[in-house]
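One structure is given below, encoded as structure tokens.
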Amino acid sequence: IGRMQKKWIVLSLFVLILLVIGISLSRNSESDTNTNTTTTRSEENRNTTTPMNDNTNTASTQMEKLSEKPVVTMATSMGTITIKLYTSDAPELTKNFLELAKTGYYNGLTFHRIVSGFVIQGGDPLGTGTGGHSYKGEGVGLADEPGALALKHEKGAIAWAKSSLPNSIGSQFYIALAPLPQLDGSYSVFGQVVSGLDVVEKIGAVQTDASDRPTTPVTITSVTIEE
């Protein structure tokens with residue numbers, strides 16, 4: 001009987017030792033898994049925030065090029081938009097906008113083309129996307145400027161619309177509803193919305209038909225220049 005008791009005691013101790021070793025290995029495995037998960041999430045956070053910071057820095061650097069004056073105030077049927085211009089980078093193309101605005105050219109025109117998440121476009125007296133002319137007169141279009149082409153389409157950027165023909169910049173412009181890098185280098189940016197971006201967003205969210213025309217017209221009531 002004494003020998004049997006000893007065997008059971010030894011066997012019980014052996015089983016207990018195996019249990020302790022198993023629990024220890026299991027805890028180590030769980031600890032390693034949690035560490036790898038934490039590292040992965042940290043890397044994902046860094047990868048997500050870095051491009052956003054880069055975009056913010058790019059926009060901030062570009063906006064430093066904006067001239068303090070003139071300041072453009074565009075009153076619309078949905079609110080007021082304030083714009084500053086890149087007069088040093090795009091002297092001829094900012095002059096085009098200013099000269100047209102001073103004559104009251106844009107007063108009463110509409111944003112005839114609105115594409116959600118893309119652009120709101122206006123400045124066409126015909127309201128069809130086929131009309132308008134530069135400050136030099138009917139039939140005289142303007143060319144892109146290298147400085148304007150070098151500027152990025154940040155959210156709120158204002159740029160000139162044109163056809164596929166050379167020297168076809170007239171009076172039609174658009175405002176970017178989001179960063180549009182696909183347009184960089186192809187269309188001339190000449191200004192930036194500095195106040196009233198919420199108004200631009202509201203205009204960009206209106207209901208449109210199959211041709212991207214607003215079902216309820218959005219009107220530019222006036223454009224004034226503070227020099």
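Atoms considered below: every heavy atom in the structure, side chains included; atoms not considered: hydrogens, waters and symmetry mates.
Side chain to side chain, Ser77 and Thr219 fail the donor-acceptor criterion of an N or O pair below 3.5 Å. No hydrogens or angles considered: a donor-acceptor pair under 3.5 Å links the side chains of His153 and Asp184.
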Practice problem: Evaluate the side chain to side chain contact (heavy atoms under 4.5 Å, CB included) criterion for residues Tyr86 and Gln62: first the C-alpha distance (whole Å), next the side-chain angles of each, then the deciding distance (0.1 Å), finally the verdict. | Solution: CA-CA 9 Å; Tyr86 295 106; Gln62 179 165 296; 3.3 Å; yes
Exercise. Evaluate the criterion side chain to side chain contact (heavy atoms under 4.5 Å, CB included) for residue pair Thr208 and Arg213; output intermediate values, then yes/no.
Key: CA-CA 5 Å; Thr208 57; Arg213 301 187 192 284; 5.9 Å; no
Exercise. Show your working on side chain to side chain contact (heavy atoms under 4.5 Å, CB included) between Val119 and Leu180 and close with a plain yes or no.
Key: CA-CA 9 Å; Val119 300; Leu180 303 174; 3.8 Å; yes
Quiz item: Step by step, would you call Val72 with Val223 a side chain to side chain contact (heavy atoms under 4.5 Å, CB included)?
Solution: CA-CA 7 Å; Val72 178; Val223 179; 3.6 Å; yes
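In this structure, the side chains of Gln192 and Lys65 stay at 4.5 Å or more apart for every pair of heavy atoms. The shortest side-chain heavy-atom distance between Asp212 and Phe118 does not fall under the 4.5 Å cut-off. Contact annotation: the side chain of Lys95 approaches that of Tyr135 to within less than 4.5 Å [non-hydrogen atoms, C-beta and beyond]. The side-chain heavy atoms of Lys102 and Glu227, taken from C-beta on, include a pair separated by under 4.5 Å. Annotation: side chain of Val193 is in contact with side chain of Ile175 (closest heavy-atom distance under 4.5 Å). A heavy-atom distance below 4.5 Å is found between the side chains of Val200 and Ile120. Inter-residue side-chain proximity for Leu197 and Lys155 is flagged as met; some heavy-atom pair is nearer than 4.5 Å. At least one side-chain heavy atom of Pro91 sits under 4.5 Å from a side-chain heavy atom of Glu145.
How far CD1 of Ile203 is from OG1 of Thr76: 4.0 Å, rounded to the nearest 0.5 Å. Annotation: the span from Leu98 atom CG to Thr87 atom OG1 amounts to 8.5 Å, rounded to 0.5 Å. We find the CG-CG distance between Leu149 and Leu93 to be 8.5 Å, quoted to the nearest 0.5 Å. Leu100 contributes atom CG, which lies 12.0 Å from atom NZ of Lys136 (distance to the nearest 0.5 angstrom). Atom OG in Ser195 sits 10.5 Å away from atom CD1 in Ile83 (nearest 0.5 Å). Summarising the geometry, atom OG belonging to Ser116 is positioned 12.0 Å from atom CD belonging to Gln207; distances are rounded to the nearest 0.5 Å.
Between the Ser171 side chain and the Gly123 main chain, a donor and an acceptor come within less than 3.5 Å of each other. Asn167 contributes no side-chain N or O that, together with a main-chain N or O of Leu142, makes up a donor-acceptor pair within less than 3.5 Å. Under a 3.5 Å cut-off, the side chain of Ser134 and the backbone N or O of Val140 do form a donor-acceptor pair. Remark: side-chain polar atoms of Gln172 are paired, donor with acceptor, to backbone N or O of Gly129 under 3.5 angstrom. In terms of modelled atom types and a separation under 3.5 Å, the side chain of Tyr106 and the main chain of Asp124 share no donor-acceptor contact. With hydrogens and angles disregarded, no donor-acceptor distance shorter than 3.5 Å links the side chain of Thr73 to the backbone of Thr82.
Hydrophobic clustering places Val115 together with Tyr174 (ILVMFWY residues linked when any side-chain heavy atoms are closer than 4.5 Å, directly or through intermediates). One hydrophobic cluster holds both Val199 and Phe173 under the rule that ILVMFWY side chains link at heavy-atom gaps under 4.5 Å. Under the 4.5 Å side-chain contact rule for hydrophobic residues, Met78 and Phe111 share a cluster. Criterion: ILVMFWY side-chain heavy atoms under 4.5 Å apart, direct or through other members. Under it, Val194 and Ile220 are not part of a common hydrophobic cluster.
Across Ile158, Leu183, Leu151, a single residue satisfies side-chain contact (heavy atoms from CB on, under 4.5 Å) together with Val189, and that is Leu151. Shown are Asp89, Asn96, Leu85; of these, the side-chain contact (heavy atoms from CB on, under 4.5 Å) with Phe190 is made only by Leu85.
A salt bridge does not link Lys84 to Glu226: none of the charged side-chain nitrogens sits closer than 4.0 Å to a carboxylate oxygen. Between Asp144 and Lys162, at least one side-chain nitrogen of the basic residue sits less than 4.0 Å from a carboxylate oxygen of the acidic one, meeting the salt-bridge criterion.
In this structure, the ring of Trp160 has its center no less than 6.0 angstrom from the ring center of Tyr187. Annotation: Phe97 is not in aromatic contact with Tyr105 [ring centroid separation under 6.0 Å not met].
Contact between Pro70 and Ile225 at its shortest, heavy atoms only, is CB-CG2, 3.7 Å. Of all non-hydrogen atoms in Gly131 and Pro125, the two that sit nearest each other are C-CD, 4.1 Å.
Counted within 6.0 Å of CD on Gln182, heavy atoms from surrounding residues, nucleotides or ligands total more than 12; the atom is thus considered enclosed.
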